[in-house]
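See below for the structure under consideration.
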Amino acid sequence: ECKKDTMDLTFGVDGKVGGNGEGAAVYLEKRYRMKRNAILVDYSIANRSSTELALCFGSEINLSFSSMDEAALKMSLQTEGTLSDLESGKSAVSKVNGFTCLDRKNGVTIQGNWDRQCELWVLPVEAGWTDWSGKHVGYQSTCLVPRWNVVLPSGAEWRASLQLSFARTR
């Protein structure tokens, strides 16, 4: 469903989780709401089965910066009210409320905040290519995967929201 007058876009699907497609019936919805300098993303899972459902839910967020220079990026995570710088490379951090990603080369900041704490996986994505001088591998983007352990009784629904904000820092 796309509502052009409200800048909303919603994707929803009925399916089954667990048991090789024979598992619990669920309805999964992802809604995007666009605002000036921000994107709001709402996730919901409804347990439509007759039994309790326990699962790990995650959603992939890929951030690509035009500098294509990992050294020009500064990433910080907010965990329980404290903002800490994150070293480049792979990470798994618990109790994350949000993140800030600064592209120092282009003067752009992306800030993300969740309405509920998550475990966050941070993964650099590299691309390989070949040109006249040989084979190369370089930084392409940063992949963020927020993860939540969810337990849903029959008929219950779980929700989480992310707000991504964009700003110039120059």
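Scope of the values below: all heavy atoms of this structure, side chains included, with no hydrogens, waters or symmetry mates. Not measured: the values here are computed from a predicted model.
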Is there a donor-acceptor pair under 3.5 Å between the side chain of Trp148 and the backbone N or O of Leu55? no
Is any side-chain heavy atom of Val13 closer than 4.5 Å to a side-chain heavy atom of Tyr27? no
I'd like to know whether Val145 forms a side chain to side chain contact (heavy atoms under 4.5 Å, CB included) with Leu120, so could you lay out the CA-CA distance, the side-chain angles of the two residues, the decisive distance to 0.1 Å, and finally the verdict. CA-CA 6 Å; Val145 182; Leu120 184 65; 5.7 Å; no
Under a 4.0 Å threshold between the charged nitrogen and the carboxylate oxygen, would Arg33 count as salt-bridged to Asp42? yes
Does Asp131 reach the main-chain N or O of Ser133 with its side chain, forming a donor-acceptor pair under 3.5 Å? yes
Side-chain heavy atoms under 4.5 angstrom apart, residues restricted to Ile, Leu, Val, Met, Phe, Trp, Tyr: same cluster for Phe99 and Leu102? no
Could you tell me which non-hydrogen atom of Leu164 sits nearest to which non-hydrogen atom of Phe166, and how far apart they are? O-CE1, 3.8 Å
When rounded to the nearest 0.5 Å, the distance separating CD of Glu126 from OH of Tyr139 is 10.0 Å
Can you find a heavy atom in the side chain of Leu53 that is under 4.5 Å from one in the side chain of Val151? no
With side chains defined as the heavy atoms from C-beta onward, is the minimum distance between Val122 and Thr142 less than 4.5 Å? yes
According to a 4.5 Å side-chain heavy-atom criterion applied to Ile, Leu, Val, Met, Phe, Trp and Tyr, with indirect links allowed, do Tyr43 and Ile39 form part of one hydrophobic cluster? yes
Nearest 0.5 Å, what's the CG-CG distance between Leu144 and Leu63? 5.0 Å
Taking all non-hydrogen atoms of both residues, which atom of Val125 and which atom of Cys143 are closest, and how far apart? CG2-CB, 3.9 Å
Does Arg147 reach the side chain of Trp121, with side-chain heavy atoms less than 4.5 Å apart? yes
In short, Pro146 meets Cys118 closest at the heavy-atom pair CB-SG, 3.7 Å
Looking at side-chain heavy atoms only, is the closest gap between Ile110 and Met75 below 4.5 Å? no
N/O donor-acceptor pair under 3.5 Å between Thr79 side chain and Lys95 backbone: no
Where do Val96 and Gln117 land on the side chain to side chain contact (heavy atoms under 4.5 Å, CB included) test, with the steps shown first? CA-CA 5 Å; Val96 176; Gln117 286 185 335; over 6 Å; no
Are Leu162 and Val150 connected into the same hydrophobic cluster when the rule is that any two of I, L, V, M, F, W, Y join if their side-chain heavy atoms are below 4.5 Å apart? yes
Would you say that Asp85 contacts Ser76 through its side chain, given a criterion of any heavy-atom pair below 4.5 Å between the two side chains? yes
Is the Phe57-Trp158 ring centre distance short of 6.0 angstrom? yes
How close do Asn97 and Glu80 get, heavy atom to heavy atom, and via which atoms? OD1-N, 3.1 Å
With no hydrogens and no angle check, is any side-chain donor or acceptor of Asn47 less than 3.5 Å from a backbone partner on Thr51? yes
Side-chain (Ser141) to main-chain (Ser64) donor-acceptor, under 3.5 angstrom: no
With the side chain counted from C-beta on, respond yes when Thr109 and Thr100 share a heavy-atom pair under 4.5 Å apart, and no when they do not. yes
Quick one: do Arg31 and Glu29 make a salt bridge, cutoff under 4.0 Å? no
Residue pair Gly138 / Trp129: nearest heavy atoms and the distance that separates them: N-CZ3, 3.5 Å
So CD1 of Ile45 and CG of Leu152: to nearest 0.5 Å the spacing works out to 6.5 Å
Look at the side-chain heavy atoms of Ile, Leu, Val, Met, Phe, Trp and Tyr, link any pair under 4.5 Å apart, and say whether Leu28 and Phe11 land in one connected group. yes
Between atom SG of Cys101 and atom CG of Leu86, what is the distance when rounded to the nearest 0.5 Å? 9.0 Å
Test log, rule side chain to side chain contact (heavy atoms under 4.5 Å, CB included), inputs Tyr32 and Asp8: CA-CA 6 Å; Tyr32 295 90; Asp8 284 7; over 6 Å; no
Salt bridge check, Asp14 against Arg48: does any charged N sit closer than 4.0 Å to a carboxylate O? yes
Under 3.5 Å donor-acceptor, Asn37 side chain and Ser165 backbone: no
Contact check, side chains of Lys35 and Met7, non-hydrogen atoms, under 4.5 Å: no
Please determine whether side chain to side chain contact (heavy atoms under 4.5 Å, CB included) holds for the pair Ser59 and Lys30, giving the CA-CA distance in whole Å, both sets of side-chain angles, and the decisive distance to 0.1 Å. CA-CA 10 Å; Ser59 183; Lys30 186 174 187 179; 3.5 Å; yes
Any donor-acceptor pair under 3.5 Å from Asn149 side chain to Cys56 backbone: no
Note: Ile61 and Trp114 closest approach over all heavy atoms is CD1-CZ2, 4.1 Å
